[in-house]
Number of protein chains: 2
Amino acid sequence: MSSAESLERLEVALTPQERFEEYLQSRGQRQTKPRKFLVETIFAQHAHFDADELIEKLPRKGEPDYVSSATVYRSLREFVDAGLLNSFQLDGRTVYELDYGYPQHDHLYCTRCRKLIEFRSESLVETRDAAAAEHGFRVTGHRLIVQGVCRECAGSRRKKRKQDLV
Amino acid sequence: MSSAESLERLEVALTPQERFEEYLQSRGQRQTKPRKFLVETIFAQHAHFDADELIEKLPRKGEPDYVSSATVYRSLREFVDAGLLNSFQLDGRTVYELDYGYPQHDHLYCTRCRKLIEFRSESLVETRDAAAAEHGFRVTGHRLIVQGVCRECAGSRRKKRKQDLV
DNA sequence: CTAAGTGCAAATCTTTTGCAGAACG
DNA sequence: CGTTCTGCAAAAGATTTGCACTTAG
């Protein structure tokens with residue numbers, strides 16, 4: 001999974017597992033071994049990850065607790081739906097991050113080392129709402145990614161690489 | 001191509017064709033019939049579009065000026081590189097918009113009708129830069145999409161659809 | 001001429017889906 | 001027990017790529 005400068009975790013009433021259980025019950029769905037195992041694995045660390053990176057960390061086919069990738073993909077969507085995870089697109093793939101128990105934030109994306117840095121900005125939300133209001137637009141959320149070069153990469157003065165995208 | 005509330009076009013010294021020609025020359029690449037035709041088609045209107053929508057508007061196989069989709073994809077990337085177009089990800093696909101000759105802006109995305117509304121905000125950029133500065137991050141650009149419901153859709157009180165994503 | 005560009009078809013990559021058997025409640 | 005889930009493999013959708021032929025300069 002990718003490294004990332006992270007924000008503090010918040011106090012929450014329920015554990016992710018409990019919260020997910022509520023979600024499942026409310027929809028007549030079942031608490032299963034793969035789902036439990038995935039929630040556990042994902043919340044065992046704070047990091048951004050995509051489906052593939054998650055699958056890499058899981059037991060392989062044949063080993064105990066193996067989960068097929070179809071189930072991984074299906075579960076990730078449920079977790080987003082349940083409010084456990086957030087997702088967004090980056091360089092073509094879907095990136096997930098912990099949402100439940102973490103404050104709303106945005107990202108700085110270093111195009112050199114591909115690191116995602118989280119940051120909070122109150123005024124950003126205000127500006128967003130003001131702009132939306134001018135268009136009679138009712139905001140439900142937003143996705144902001146600021147591209148650039150992080151402190152570390154800027155320090156080690158390397159020349160721009162071809163991969164510095166978008 | 002999708003409808004969109006649009007911003008004014010700016011004054012620019014070169015036409016998109018000329019600008020692209022410069023780009024090609026600077027890299028020892030060639031001005032070809034397909035490339036010329038694509039630039040012409042794309043800049044003939046202001047709209048957001050993806051590769052597939054563009055291909056739909058082009059002549060079919062067998063007709064004059066037909067361009068293979070491989071070439072469409074290849075060219076779109078060149079146009080972005082050349083600064084003619086901008087691109088971003090939306091609902092899984094790559095969306096393009098005219099960049100050369102248009103002011104920098106962000107988007108409101110209506111999750112009901114899928115319309116993209118452009119808006120400008122000076123303070124947004126300032127806020128972005130301030131936040132980035134706190135992390136010693138050198139900004140090269142950003143991508144912001146504000147999700148919600150546009151005036152028209154909010155007016156015609158329809159209930160939320162399943163597709164109201166992220 | 002000859003390097004760059006194009007069309008075609010096949011290959012990738014990521015994610016989704018149909019289905020038969022497994023497992024919750 | 002009746003559903004809901006899962007694993008498997010195949011499908012799908014978007015984009016890329018290898019290659020032989022075409023074309024711009």
Side-chain angles (χ1 to χ4, degrees), chain A residues 17 20-39 41 49-56 58-82 85 87-96 162-163 165-166, chain B residues 17 20-39 41 49-56 58-82 85 87-96 162-163 165-166:
Chain A
Q17 292 284 7
F20 188 48
E21 180 143 17
E22 277 201 341
Y23 167 85
L24 290 173
Q25 288 183 345
S26 76
R27 321 192 12 152
Q29 291 181 266
R30 293 169 181 173
Q31 179 67 313
T32 67
K33 180 127 46 143
R35 296 213 254 238
K36 239 178 287 189
F37 186 68
L38 289 174
V39 172
T41 304
F49 62 96
D50 62 25
D52 209 55
E53 289 167 329
L54 174 57
I55 290 167
E56 294 268 290
L58 296 171
R60 319 275 144 181
K61 198 176 307 192
E63 296 175 15
D65 288 322
Y66 167 72
V67 182
S68 70
S69 32
T71 294
V72 169
Y73 278 104
R74 278 188 285 240
S75 301
L76 286 174
R77 285 199 296 177
E78 291 173 345
F79 297 162
V80 171
D81 227 61
L85 300 181
S87 72
F88 52 99
Q89 301 291 125
L90 194 59
D91 292 341
R93 67 216 218 280
T94 304
V95 176
Y96 298 87
K162 176 60 178 295
Q163 301 96 311
L165 310 162
V166 183
Chain B
Q17 292 285 6
F20 188 49
E21 179 142 20
E22 277 201 341
Y23 166 86
L24 290 173
Q25 287 183 346
S26 76
R27 320 191 14 151
Q29 291 182 264
R30 294 168 182 173
Q31 179 67 306
T32 67
K33 179 127 46 141
R35 296 213 255 238
K36 240 178 287 188
F37 185 68
L38 288 174
V39 172
T41 304
F49 63 95
D50 61 25
D52 210 55
E53 289 168 327
L54 174 57
I55 290 168
E56 295 267 290
L58 296 171
R60 318 276 145 183
K61 199 176 308 192
E63 295 174 16
D65 287 322
Y66 167 73
V67 182
S68 72
S69 32
T71 295
V72 169
Y73 278 103
R74 279 188 283 239
S75 300
L76 286 174
R77 286 199 294 177
E78 291 174 345
F79 296 163
V80 171
D81 227 61
L85 300 181
S87 72
F88 52 98
Q89 302 290 126
L90 194 60
D91 293 342
R93 68 215 218 281
T94 303
V95 176
Y96 298 86
K162 176 59 176 297
Q163 301 94 312
L165 311 164
V166 184

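Chain identifiers are assigned alphabetically (A, B, ...) following the order of the sequence lines, protein sequences preceding nucleic acid strands; residue numbering begins at 1 within each chain.
Within the nucleic acid shown, A/R35 comes within 4.0 Å of sugar-phosphate atoms alone, with no base atom in reach, counting heavy atoms only.
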Taking only N/O atoms, report every protein-nucleotides 9-14 of chain C pair under 3.5 Å with atom names and distance.
none

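Regarding A/E63, its CD atom lies at a distance of 16 Å from the C1' atom of D/dG7, rounded to whole Å. Put simply, CZ on B/R27 is 19 Å from P on C/dA3, counting in whole angstrom units. The CG atom of A/L76 sits 15 Å away from the P atom of C/dT17 (whole-angstrom rounding). At whole-Å resolution of the value, NZ in A/K36 and C1' in C/dA23 are 12 Å apart. Between the C1' atom of D/dT4 and the CD atom of A/Q25 lies a distance of 15 Å, rounded to the nearest Å. Note: CG (A/D65) to P (D/dC5) measures 19 Å, nearest angstrom. Atom P of nucleotide D/dG7 and atom CG of A/L38 are separated by 9 Å, given to the nearest angstrom. Atoms CZ (A/R74) and P (D/dT6) sit 7 Å apart, rounded to a whole Å.
Put simply, A/S68 has no side-chain N or O that comes within less than 4.0 Å of OP1 or OP2 on D/dT6. Distances shown here put every side-chain N or O of B/R77 at or beyond 4.0 Å from the OP1 or OP2 atom of D/dT15.
For B/R30 (side chain) and B/Q25 (main-chain N/O), no donor-acceptor pair under 3.5 Å exists by modelled atom type. At least one donor-acceptor pair closer than 3.5 Å links the side chain of B/Q17 to the backbone N or O of B/K36. Between the side chain of A/T71 and the backbone N or O of A/V67 there is no donor-acceptor pair closer than 3.5 Å. Side chain of B/E53 to main chain of B/D50: a donor-acceptor pair is present (N/O by atom type, distance under 3.5 Å, no hydrogens or angles).
Each of A/Y66 and B/Y96 lies near DNA chain D, and the nucleotide nearest A/Y66 is the one positioned closer to the 5' end.
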List the steps, then state whether salt bridge (Lys or Arg N to Asp or Glu O under 4.0 Å) holds for B/D65 with B/R60.
-> CA-CA 9 Å; B/D65 287 322; B/R60 318 276 145 183; over 6 Å; no
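Side-chain contact, A/Y23 with A/R27: a donor N or O sits under 3.5 Å from an acceptor N or O.
The minimum heavy-atom distance between B/P59 and B/F37, with the atom names listed, is CD-CE2, 3.7 Å. Pairing each heavy atom of A/E78 with each of A/F20, the nearest pair is OE1-CZ, 3.9 Å.
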Contact state string [nucleotides 20-25 of chain D, B base, S sugar-phosphate only, - no protein heavy atom under 4.0 Å] | ---BBS
